[in-house]
Amino acid sequence: MDTNLIRRRIIQAGAMGSATSLFGIPMHVLAQKAKGGLIVIGTTQKPRHLNSAVQSGIATMQPAAQLFAFPLLMNAKWQPQPYLAESWELSEDSRSIRMKLRENATFHDGRPITAEDLQFSIETIRENHPFKAMMGPVNAVTIEGKHVAVIRLSEPHPALPLALSTSFAAVIPKHIYGDGQDVKRHPRNSNPVGSGPFKLVEFKPGQHIIMDRHEGFFMPDQPLLDRIIVKEYKDGASLMLALEKGEIDVHPLLTDAREIKRAQAASNLNVEVASAPAIGPLLWLAFNTADPKLADKRVRQAINFALDKDFLTNTLFGGVHKRATGPIANGSPFYTSKVEHYALNLDKANALLDAAGVKPDASGTRLKLTLDAIPGNAMIKAAQEYAKPALAKIGIDVELRQSPDFPTWAKRVSSHAFEMTIDSVWNWGDPVIGVHRTWDSSNIRKGVIWSNTQSYKNDRVDAIIAQAGTETSEAKRKKLYHELQRIVVDECPVVFLNEITFHVGWNKRISSPPDSVWGVMTPLSKMSVSS
């Protein structure tokens, strides 16, 4: 947002004597930082709270990357860099990593960050974060000094450095969260004492998150910005309009082809392509495989053959994304295209339904199913609406069920109270972090979104996950993950639609956007703005 624009609007509002807010943000809040060093990030995401140590998803993780520090950073070449840990050392047997924390690091309340806080944080994440495989191999964290801790593993964990480089690994204060309360429901999750470059000023769910520069941040001369405001919008259309008008400075998740073209045409914007390759989000139609209607894989395969994924990717979605073929994104070193691609084939779909005993009634209807979808995303809504007429061609009557907000959808899906849903699920850099959680039968956890909500079970897949998660040879891991992809695609617990390529719209006055595989989910401490 142009600081001159802020000043003009504040002056205009004062002259009118009536306006109390601008873009839904109180005037006094904007006036405090109107001299410069302020950016506004737009979003349609609606976080329940801000503690990413116990919550997955970009809604929480994006602001948490500013509020909390984590041990490492990951640059654009997938190389770990010092952050809260000024040095680290992996043991020769890959069963421990020794971390030396910065001695000048403090929490936002002034208390020093110590090895005990790192120990408490890693153990809290291991016990409470929905991505169980991420810290599952951690046996213990032992303390060797006030600022030295050793993360000890039951087995090699090749994804650990990557997991420690994002707000997955938020370092939270033991003196706040170690009070005996349930950390997943702790009252300070919405008003956290952080450890990162920015501290929380105000969190109003459904409206905004305001964060100010942490003057005691441990990195010299950082952060450069004085204030970050994350402004919530009701839908993608209003968010896009705000970007074009200069009401926000950053649109972090441009995915719609028309909106991307609009941003590229705007004179005040730069557009960055594939800004977060570590995310690897896949758009898919997921089945509740425990539902009797969908328990037979032939029914699921029939639905897959009835959906034209090439039409979705190249026409409906404007050709800006890649066709997804399996559970691992095609930008990953572990990806293989040698799986069944389920090209559109209505004859095969009907034959599979016949073989499964799902016969049409007098009206031609074979089956009635309900299809949910994450709200607030134009691509997901388009895919949901496309599925109804597409599946009608094979006699499946689809009811489109809408959710008023993300928590409503997440509750339905995580409690397994759904039949089908359009979902966007992310790889998170390494299969151990973002892929295992979806297919490991031990991760069927009611009430936890983005766990194995499909209730998928396969003994061989479980064995592959166990083996690949500890294998240090990349060649052997590739072989294992290729097999996993073939099995999962054949059994069809989800229909893989496409791999979302994120674009970020930046106002041209922004300098030094993040240079990391995590995109805007990395600290924005080096970012600055021109007046």
Side-chain angles (χ1 to χ4, degrees), residues 33 37 39 50-53 61-75 79-90 96-125 141-151 160-179 188 191-201 210-228 511-512 514-516 518 521-528:
K33 297 294 178 179
I39 67 165
L50 302 175
N51 185 358
S52 63
M61 291 180 64
Q62 182 179 314
Q66 315 311 320
L67 294 170
F68 294 102
F70 22 96
L72 304 175
L73 295 177
M74 193 66 62
N75 67 16
Q79 298 168 333
Q81 306 292 309
Y83 191 39
L84 183 56
E86 63 181 10
S87 63
W88 65 96
E89 182 180 2
L90 183 66
S96 68
I97 182 168
R98 185 178 187 272
M99 313 205 86
K100 170 70 168 62
L101 303 183
R102 297 180 188 273
E103 296 184 6
N104 64 328
T106 63
F107 290 106
H108 296 163
D109 61 0
R111 293 277 291 267
I113 301 173
T114 69
E116 286 192 13
D117 294 301
L118 179 62
Q119 177 192 54
F120 174 78
S121 300
I122 297 298
E123 292 176 350
T124 297
I125 294 164
V141 181
T142 58
I143 296 172
E144 294 188 351
K146 185 175 182 180
H147 295 98
V148 179
V150 180
I151 302 173
L160 184 59
L162 191 69
L164 294 172
S165 74
T166 174
S167 56
F168 282 138
V171 175
I172 60 177
K174 181 179 180 180
H175 64 275
I176 298 291
Y177 288 101
D179 61 358
R188 294 306 299 265
N191 183 26
V193 173
S195 50
F198 295 90
K199 59 185 179 182
L200 184 68
V201 174
I210 300 171
M211 299 171 281
D212 274 1
R213 184 181 194 272
H214 174 37
E215 299 292 343
F217 187 54
F218 53 81
M219 300 291 280
D221 303 318
Q222 294 181 30
L224 300 179
L225 294 171
D226 293 318
R227 171 164 288 181
I228 296 175
S511 300
S512 301
D515 184 28
S516 168
W518 294 116
M521 289 191 300
T522 201
L524 304 181
S525 55
K526 294 182 180 180
M527 183 182 289
S528 61

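What you see below is based on every heavy atom in this structure, not just the backbone, and it leaves out hydrogens, waters and symmetry mates.
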task: Please examine the side chains of Leu67 and Pro192, heavy atoms only from C-beta on, and report whether any two atoms are closer than 4.5 Å.
output: yes
query: Is the closest side-chain heavy-atom distance between Pro80 and Trp88 below 4.5 Å?
result: yes
- prompt: How far apart are the closest heavy atoms of Ala169 and Pro71, and which atoms are they?
  reply: O-CD, 3.6 Å
Residues forming a side chain to side chain donor-acceptor pair (under 3.5 Å) with Gln81, sequence neighbours excluded: none
query: Does Asp117 use its side chain to pair, donor to acceptor, with the backbone of Lys174 at less than 3.5 Å?
result: yes
- prompt: Considering all heavy atoms of both residues, which atom of Ser96 and which atom of Val150 are nearest to each other, and what is their separation?
  reply: CB-CG1, 3.9 Å
- request: Output, in order, the C-alpha distance, side-chain angles, deciding distance and verdict of side-chain contact (heavy atoms from CB on, under 4.5 Å) for Thr166 and Met74.
  value: CA-CA 8 Å; Thr166 174; Met74 193 66 62; over 6 Å; no
task: Would you confirm whether His214, through its side chain, and Lys199, through its main-chain N or O, come within 3.5 Å as a donor-acceptor pair?
output: no
query: Which value, rounded to the nearest 0.5 Å, describes the distance between Ile210 atom CD1 and Ile228 atom CD1?
result: 12.0 Å
query: Under 4.5 Å between any side-chain heavy atoms of Leu72 and Met99, yes or no?
result: yes
message: Tell me which pairs pass salt bridge (Lys or Arg N to Asp or Glu O under 4.0 Å) where either residue lies in residues 214-223, with sequence neighbours left out.
response: Arg213-Glu215
- request: Can you measure from OH (Tyr83) to CG (Leu101) and round to the nearest 0.5 angstrom?
  value: 13.0 Å
- line: With sequence neighbours left out, the residues meeting side chain to side chain donor-acceptor pair (under 3.5 Å) with Asn191 are none
- request: Determine whether more than 12 heavy atoms belonging to other residues, nucleotides or ligands lie under 6.0 Å from atom CZ of Arg111.
  value: no
- prompt: Atom CD in Glu123, atom CG in Leu118: separation rounded to 0.5 Å?
  reply: 9.5 Å
message: Strictly distance-based, threshold 3.5 Å: is any side-chain N or O of Ser121 a donor or acceptor partner for the main-chain N or O of Ile172?
response: yes
field: Minimum heavy-atom distance Ser195-Phe218, with the two atoms named
entry: O-CE2, 3.9 Å
statement: Heavy-atom closest pair (Leu84 atom, Val171 atom, distance to 0.1 Å) is CD2-CG2, 3.6 Å
task: Indicate, with yes or no, if the rings of Phe70 and Phe168 have centres closer together than 6.0 Å.
output: no
field: Under the side chain to side chain donor-acceptor pair (under 3.5 Å) test, residues paired with Ser165 that sit two or more places apart
entry: Trp518
- prompt: Can you check whether Phe198 and Phe217 have ring centres sitting under 6.0 Å from each other?
  reply: no
- prompt: Taking C-beta and beyond as the side chain, do Thr114 and Ile143 meet within less than 4.5 Å on heavy atoms?
  reply: no
message: Can you tell me how far apart CD1 (Ile39) and CG (Asp226) are? Round to the nearest 0.5 Å.
response: 11.5 Å
- prompt: What is the distance from atom CG of Leu200 to atom CE of Met211, rounded to the nearest 0.5 Å?
  reply: 8.0 Å
- prompt: Between atom CE of Met521 and atom CD of Gln66, what is the distance when rounded to the nearest 0.5 Å?
  reply: 11.0 Å
query: By side chain to side chain donor-acceptor pair (under 3.5 Å), which residues pair with Thr124, not counting sequence neighbours?
result: none
message: Side chains of Leu90 and Leu160, heavy atoms from C-beta outward: is any pair under 4.5 Å?
response: no
task: Look only at the side chain of Ser525 and the backbone of Pro197, and say whether a donor-acceptor pair between them is shorter than 3.5 Å.
output: no
query: Counting distance only, does the side-chain N/O of Tyr177 pair as donor-acceptor with the main-chain N or O of Arg188 below 3.5 Å?
result: yes
message: Please find the pair of heavy atoms, one from Pro514 and one from Met527, that lie closest to each other, and give the distance.
response: CD-CE, 3.8 Å
field: Backbone of Thr522 reached by a side-chain donor or acceptor of Ser516 within 3.5 Å
entry: no
message: Listing request: all salt bridge (Lys or Arg N to Asp or Glu O under 4.0 Å) pairs with a residue in residues 97-110, at least two apart in sequence or in separate chains.
response: Glu86-Lys100, Arg98-Glu144, Lys100-Glu103
